[in-house]
Participant: 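Below you'll find the structure I mean.
For reference, positions follow the sequence shown, starting with 1. Predicted model, so just to flag it, every value in this text is computed and none were measured.
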Amino acid sequence: MPIKAPHLFSYPKYWAECFGTAPFLPTSREEMDQLGWDSCDIIIVTGDAYVDHPSFGMAIMGRLLEAQGFRVGIISQPDWRDPQAFSVLGKPNLYFGVTAGNMDSLINGYTADLRKRSDDAYTPAGEAGKRPDRAVIVYSQCCRALWKDVPIVIGGIEASLRRIAQYDYWSNAVRRSVLIDAAADILLYGNAERAIVELSHRLANGESVSQINNLRGTTIVVDHTPLGFTELDSSRVDWPGKIDNIPSPYETTHNNQNVDADGNVVDKAEPELQPQRDDVVRIVPMPLRRYEEKVPADKTCIRLPSFEKVSKDPVLYAHASRVLHQESNPHNARALIQKHGTKQVWVNPPPIPLETEEMDAVFDLPYARIPHPKYEGVRIPAYDMIKTSVNIMRGCFGGCTFCSITEHEGRIIQSRSHESILKEIEEIRDRVPGFTGTISDLGGPTSNMYKLNCKDPDIQSNCRKLSCVYPEICPNLKTDHSETTQLYRKARAIDGVHTIAIASGLRYDLAVEDPEYVKELVTHHVGGYLKIAPEHSEKNTLSKMMKPGMGTYNRFEKMFYKYSKEAGKKQYLIPYFIAAHPGCEDEDMMNLALWLKKHNFEVDQVQTFYPSPMSLATAMYYSGRNPLKRITYKSEKIYSPKALDERRIQKAFLRYHDPANWAKLRESLREIGREDLIGVGDNKLVPAEHEEYRVRRGIKPRPARGDKRQQGLAGKNKPRAGAKRSSSRSSNNRSGRRPNGRR
């Protein structure tokens with residue numbers, strides 16, 4: 001059965017509630033004095049500028065804790081080179097809460113080609129360099145240096161995606177859990193409202209942070225497996241014996257029969273399945289089916305391969321990644337334990353998702369909805385992007401391997417009510433300076449997963465599938481978009497609002513299941529262009545992404561243009577694609593380029609695969625194995641473009657129309673034996689060297705030899721002497737082999 005959790009606002013309020021609500025959470029001693037505070041109970045240190053808006057993590061956590069009665073201060077973007085920057089609010093009574101901000105500090109700071117970014121959208125004036133690399137570690141160490149006795153709680157997406165040993169793209173190595181590197185006391189992962197509220201109240205009631213070891217959605221360091229737990233040892237992948245009869249710890253089983261140590265079915269009850277004392281730990285060498293069914297999940301943990309093993313053995317890394325992702329359903333997930341030297345990292349099961357009523361209450365907190373007054377007159381780009389947008393849901397059950405949303409927010413969709421969303425739209429209309437009548441987005445991680453969940457809560461609570469829509473849509477998944485369609489209609493009817501745009505990602509394989517929704521979207525909520533993400537055209541690569549084939553895209557495309565025509569609008573689809581994804585060969589990119597040319601797409605903004613921490617695609621990239629399948633040392637190997645030249649070639653295929661890429665594409669086409677695609681014509685991809693000059697300048701290509709009629713016509717406009725030599729020189733100098741003057 002689904003697990004229930006205490007209501008988020010059911011805890012008795014802390015005594016400091018008597019101070020009331022702050023117009024902004026204080027960022028200085030002067031602001032604390034104005035509020036009558038002598039100290040802060042909790043201080044949040046963040047890598048973002050402080051914007052008091054529900055799209056910013058520090059604002060949600062700060063206002064939520066304020067609603068629980070705590071005095072919360074904000075230290076935003078402190079100078080990590082100055083230790084005193086972390087003491088501006090004094091010593092917190094309960095703990096420091098440390099986050100890198102809304103983005104991972106390394107992804108925020110570097111491109112996929114590891115070049116330093118020149119701006120930061122979460123900083124005033126977009127200025128780069130206002131947060132350190134690995135901000136969670138740096139900030140935590142600065143806090144610890146000031147007050148060694150104050151607990152440090154880390155969270156946010158940077159900490160969440162580094163809760164166990166993880167491959168780090170920026171150092172090209174596997175790093176330890178960030179909990180250990182930051183020397184923090186506890187890590188909150190995922191959407192951490194439940195965890196931070198319970199943690200704060202328990203600390204306020206006198207518990208030591210070292211005593212809080214059973215809190216969902218947290219990661220801690222322990223000395224050993226807690227007493228009373230059954231430990232399923234999954235630290236290896238190839239075990240002796242009848243392997244085929246021994247299921248892996250991450251497979252869903254439905255067989256209630258007992259099996260002996262050799263995997264044979266037996267009828268008698270096994271003695272080890274009898275009730276056990278709570279003061280012992282049972283270690284099972286390999287998790288047999290009987291333990292998966294008879295041992296309660298809340299008394300079971302899975303031992304992952306140690307940090308030392310996964311850092312040296314990519315196969316074990318892929319195996320550990322697969323286990324972690326299979327243990328992501330909060331209703332059936334088991335705790336994980338991973339050894340790091342002499343320490344053990346213990347990952348409690350994920351938090352129970354918020355109910356609609358709780359989500360509404362979180363978004364209804366008294367946000368100022370603008371940046372802190374200390375930034376007055378300075379633009380914060382991220383705020384400008386979201387100030388008139390509304391977050392209607394959380395989570396994603398798509399399971400795309402290259403995306404980390406599921407690892408952070410979970411697969412179970414958490415949705416707000418219509419009333420809460422419409423109220424926020426009215427607040428934007430009435431309170432946001434310069435509002436013009438346009439809501440820039442009603443969305444979330446995916447705009448059309450609102451209110452979509454499993455038809456049966458019991459089935460959902462037992463499911464371990466990585467995706468509800470791949471390889472096909474699960475028959476137990478609701479695909480009726482009527483709640484979303486009705487929401488759009490209600491939002492459009494609000495006085496003072498003339499445009500409701502949908503800018504969040506659209507899952508078109510779900511949309512085609514509800515034509516009424518597509519018609520509503522296309523008729524009223526597309527402003528000329530709609531961005532969608534097929535990501536690739538080739539099945540080989542799509543299977544590594546867990547994305548649907550192009551047949552589904554074609555269905556959506558027909559519906560889109562049909563309803564656009566019926567609405568009397570000229571509207572266009574803008575597809576997004578990824579280059580250099582694990583499993584993607586140059587031939588796959590070549591075929592994608594041919595698809596783009598066939599459909600007359602010349603994309604300007606292209607994306608190269610970015611190995612974010614803990615995603616399944618990153619496990620593929622590092623290990624060369626496919627964690628979507630059971631891992632062994634004999635598992636099929638996956639090619640991943642890793643060298644900079646390989647990644648740039650694949651990116652160049654997406655911009656086949658750019659003359660700067662023609663030389664490198666000709667070289668690649670020759671290497672893969674597709675010289676037939678070099679030339680001018682509908683069935684060609686890039687012009688040959690001798691044709692490049694004319695194509696660049698829009699001159700019609702010369703006819704092929706033997707075509708006398710065309711030769712005769714061409715003779716009437718015979719180019720002047722020397723043009724051929726000029727073309728040759730141009731080809732050598734501008735071919736793209738030395739783009740921007742560099743090889």
Participant: Just by distance, do the side chain of T618 and the backbone of S612 share a donor-acceptor pair under 3.5 Å?
Facilitator: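 Checked: pair present.
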Participant: Of all residues at least two apart in sequence or in a different chain, which pass the side chain to side chain donor-acceptor pair (under 3.5 Å) check with E585?
Facilitator: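 Partners of E585 by the side chain to side chain donor-acceptor pair (under 3.5 Å) criterion come out as none, since no residue qualifies.
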Participant: I'd like to know if E689 pairs up with R670 as an ion pair, taking the criterion as any Lys NZ or Arg NE/NH1/NH2 lying under 4.0 Å from an Asp or Glu carboxylate oxygen.
Facilitator: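 Yes, charged N to carboxylate O under 4.0 Å.
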Participant: Does a sphere of radius 6.0 Å around NZ in K569 hold more than 12 heavy atoms from other residues, nucleotides or ligands, not counting ones at 6.0 Å or beyond?
Facilitator: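 Correct, the count exceeds 12.
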Participant: Of all heavy-atom pairs between S321 and A619, which one has the smallest distance, and what is that distance?
Facilitator: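 Smallest interatomic distance, heavy atoms only, reads OG-CB, 3.6 Å.
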Participant: Between D120 and K130, is there a salt bridge with N-O shorter than 4.0 Å?
Facilitator: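 Result for this pair is no, no salt bridge flagged.
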Participant: Applying side chain to side chain donor-acceptor pair (under 3.5 Å), can you list everything that pairs with T46, at least two apart in sequence or on another chain?
Facilitator: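 T46 satisfies side chain to side chain donor-acceptor pair (under 3.5 Å) with no other residue.
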Participant: L616 versus H325: any side-chain heavy-atom pair under 4.5 Å?
Facilitator: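 Of all side-chain heavy-atom pairs linking H325 with L616, at least one is under 4.5 Å.
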Participant: Is the ring pair W170/Y610 parallel, tilted or perpendicular, if the boundaries are 30 and 60 degrees?
Facilitator: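 Tilted, since the angle between the ring planes falls between 30° and 60°.
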Participant: Return yes if some donor-acceptor pair links the side-chain N/O of E691 with the main-chain N/O of A688 below 3.5 Å, else return no.
Facilitator: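 Yes: the side chain of E691 pairs with the backbone of A688.
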Participant: CD of E557 to OH of Y553: how many Å apart, nearest 0.5 Å?
Facilitator: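 Nearest 0.5 Å value for the CD-OH distance: 4.5 Å.
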Participant: Mark yes or no for whether S389, through its side chain, and S440, through its backbone, hold a donor-acceptor pair below 3.5 Å.
Facilitator: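 Side chain of S389 to backbone of S440: no pair is present.
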Participant: Between T406 (side chain) and G410 (backbone), is there a donor-acceptor pair under 3.5 Å?
Facilitator: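 No; judged by distance alone, with no hydrogens or angles, the pair does not exist.
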Participant: When you compare the side chain of E538 with that of E587, does any pair of heavy atoms fall below 4.5 Å?
Facilitator: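 Not in contact.
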Participant: Ignoring hydrogens and angles, tell me if any N or O in the side chain of N661 forms a donor-acceptor pair with the backbone of R655 under 3.5 Å.
Facilitator: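 Flag set: sc N661 to bb R655 pair under 3.5 Å.
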Participant: Could you tell me which residues satisfy salt bridge (Lys or Arg N to Asp or Glu O under 4.0 Å) with D113, sequence neighbours excluded, listed by chain and number?
Facilitator: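 For D113, no residue satisfies salt bridge (Lys or Arg N to Asp or Glu O under 4.0 Å) once neighbours in sequence are set aside.
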Participant: Between T438 and T388, is there a side-chain heavy-atom distance shorter than 4.5 Å?
Facilitator: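 T388 vs T438: side chains apart.
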Participant: Suppose we screen for side chain to side chain contact (heavy atoms under 4.5 Å, CB included). Which residues come up paired with K570, at least two apart in sequence or across chains?
Facilitator: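 Only Y572 meet the side chain to side chain contact (heavy atoms under 4.5 Å, CB included) criterion with K570.
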Participant: Using 0.5 Å steps for rounding, measure from the CG atom of N108 to the CD1 atom of I157.
Facilitator: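 Answer rounded to 0.5 Å: 11.5 Å.
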Participant: Please name all residues satisfying ring-ring contact (aromatic ring centres under 6.0 Å, His included) with Y517, sequence neighbours left out, ordered by chain then number.
Facilitator: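 With neighbours one apart ignored, the set is H481, Y488.
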Participant: Applying ring-ring contact (aromatic ring centres under 6.0 Å, His included), can you list everything that pairs with Y622, at least two apart in sequence or on another chain?
Facilitator: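 Y167, Y317.
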Participant: Carefully, step by step, assess R411 and S328 under the rule side chain to side chain donor-acceptor pair (under 3.5 Å).
Facilitator: CA-CA 8 Å; R411 289 183 176 81; S328 62; 2.4 Å; yes
Participant: Would you indicate whether the side-chain heavy atoms of L573 and F556 approach each other to under 4.5 Å?
Facilitator: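 The answer is yes, as the side chains (C-beta and beyond) meet within the 4.5 Å cut-off.
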Participant: Just do the side-chain contact (heavy atoms from CB on, under 4.5 Å) check on S635 and N626 with the steps written out, would you?
Facilitator: CA-CA 8 Å; S635 294; N626 186 358; over 6 Å; no
Participant: Are the side chains of T608 and Q650 in touch, meaning some heavy atoms are under 4.5 Å apart?
Facilitator: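 No; the side chains remain at least 4.5 Å from each other.
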Participant: Is the shortest side-chain N to carboxylate O distance from D682 to K597 below 4.0 Å?
Facilitator: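 Between K597 and D682 there is no salt bridge, as every charged N stays at least 4.0 Å from the carboxylate O atoms.
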Participant: Can you name the residues that form a side chain to side chain donor-acceptor pair (under 3.5 Å) with S564, not counting sequence neighbours?
Facilitator: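 With sequence neighbours excluded, S564 shows a side chain to side chain donor-acceptor pair (under 3.5 Å) to Q571, given in chain and number order.
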Participant: Under a 4.5 Å cut-off applied to non-hydrogen side-chain atoms, are P515 and Y563 in contact?
Facilitator: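 Yes, side chains in contact.
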Participant: Output the distance between atom CZ (F577) and atom NZ (K651), rounded to the nearest 0.5 Å.
Facilitator: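 So the gap between those two atoms works out to 16.0 Å.
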Participant: So for atom CD, which belongs to E472, do other residues, nucleotides or ligands contribute more than 12 heavy atoms lying within a distance under 6.0 Å?
Facilitator: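 No, not enclosed.
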Participant: Given 3.5 Å as the limit, does a donor-acceptor pair link the side chain of R625 with the main chain of M620, or not?
Facilitator: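 The answer is no, because no donor-acceptor pair under 3.5 Å joins these two groups.
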Participant: Supply the atom-to-atom distance M614 CE to S404 OG, rounded to the nearest 0.5 angstrom.
Facilitator: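 Between atom CE of M614 and atom OG of S404 there are 7.5 Å.
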Participant: Decide yes or no for F653 and L592: does some side-chain heavy atom of the first lie under 4.5 Å from some side-chain heavy atom of the second?
Facilitator: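 Of all side-chain heavy-atom pairs linking L592 with F653, none is under 4.5 Å.
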Participant: In residues 540-550, what donor-acceptor pairs under 3.5 Å come from side-chain atoms, sequence neighbours left out?
Facilitator:
from : atom 1 : to   : atom 2 : distance (Å)
N540 : OD1    : K544 : NZ     : 3.3
N540 : ND2    : G583 : O      : 2.8
N540 : ND2    : D588 : OD2    : 2.8
T541 : OG1    : D588 : OD2    : 3.4
S543 : OG     : K539 : O      : 3.4
S543 : OG     : N540 : O      : 2.8
K544 : NZ     : N540 : O      : 3.2
K547 : NZ     : A533 : O      : 3.0

Participant: Taking distance alone, no hydrogens or angles, what donor-acceptor pairs closer than 3.5 Å link side-chain atoms of residues 520-528 to residues at least two apart or in another chain?
Facilitator:
from : atom 1 : to   : atom 2 : distance (Å)
E520 : OE1    : R489 : NE     : 3.2
E520 : OE1    : R489 : NH2    : 3.1
E520 : OE2    : R489 : NE     : 3.3
E520 : OE2    : R492 : NH1    : 2.7
E520 : OE2    : R492 : NH2    : 2.8
T523 : OG1    : K519 : O      : 2.6
H525 : ND1    : I500 : O      : 2.7
H525 : NE2    : R492 : NH1    : 2.9

Participant: Could you give me the CA-CA distance, side-chain angles and deciding distance for L669 and M590, then say whether side-chain contact (heavy atoms from CB on, under 4.5 Å) is met?
Facilitator: CA-CA 8 Å; L669 289 171; M590 174 196 72; 3.8 Å; yes
Participant: Would you give the length of the straight line joining atom CG of L654 to atom OH of Y576, rounded to the nearest 0.5 angstrom?
Facilitator: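 Reported value, rounded in 0.5 Å steps: 13.0 Å.
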Participant: Looking at E409 and I405, would you say the former's side chain and the latter's main chain have a donor-acceptor pair under 3.5 Å?
Facilitator: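 Not a single qualifying donor-acceptor pair exists.
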Participant: How would you list all residue pairs meeting side chain to side chain donor-acceptor pair (under 3.5 Å) that involve residues 498-511, not counting sequence neighbours?
Facilitator: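 Qualifying pairs: D441-S504, R507-D509.
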Participant: Closest heavy-atom contact between A511 and N448?
Facilitator: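 That would be N-ND2, 3.7 Å.
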Participant: If only side-chain N and O atoms count, and only distance matters, is there a donor-acceptor pair under 3.5 Å linking T123 with Q77?
Facilitator: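 Yes, T123 and Q77 have a side-chain donor paired with an acceptor closer than 3.5 Å.
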Participant: Where do Y656 and E602 land on the side-chain contact (heavy atoms from CB on, under 4.5 Å) test, with the steps shown first?
Facilitator: CA-CA 8 Å; Y656 67 92; E602 294 186 354; 3.9 Å; yes
Participant: Looking at residues at least two apart in the chain, or sitting in another chain, which of them share a ring-ring contact (aromatic ring centres under 6.0 Å, His included) with H599?
Facilitator: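 Partners of H599 by the ring-ring contact (aromatic ring centres under 6.0 Å, His included) criterion, ordered by chain and then number, come out as W595.
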Participant: What pairs with R674 under salt bridge (Lys or Arg N to Asp or Glu O under 4.0 Å), at least two apart in sequence or on another chain?
Facilitator: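 Per chain and number, R674 pairs via salt bridge (Lys or Arg N to Asp or Glu O under 4.0 Å) with D676.
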Participant: Would you name the heavy atoms of P582 and I638 that are closest together and state the gap between them?
Facilitator: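 Smallest heavy-atom distance, with atoms named: C-CG2, 4.0 Å.
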Participant: For the CD atom of E535 and the SG atom of C584, what is their distance to the nearest 0.5 Å?
Facilitator: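 The distance works out to 12.0 Å.
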Participant: Does this structure show an ion pair linking R666 with E692, if we count only N-O contacts that are shorter than 4.0 Å?
Facilitator: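 Salt bridge: yes.
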Participant: Starting from the C-alpha separation in whole Å, work towards a yes-or-no answer on salt bridge (Lys or Arg N to Asp or Glu O under 4.0 Å) for R134 and D168.
Facilitator: CA-CA 11 Å; R134 310 188 194 284; D168 183 79; 2.9 Å; yes
Participant: Given side chains that start at C-beta, do those of L530 and I574 come closer than 4.5 Å, heavy atoms only?
Facilitator: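 Counting from C-beta outward, L530 and I574 never come under 4.5 Å.
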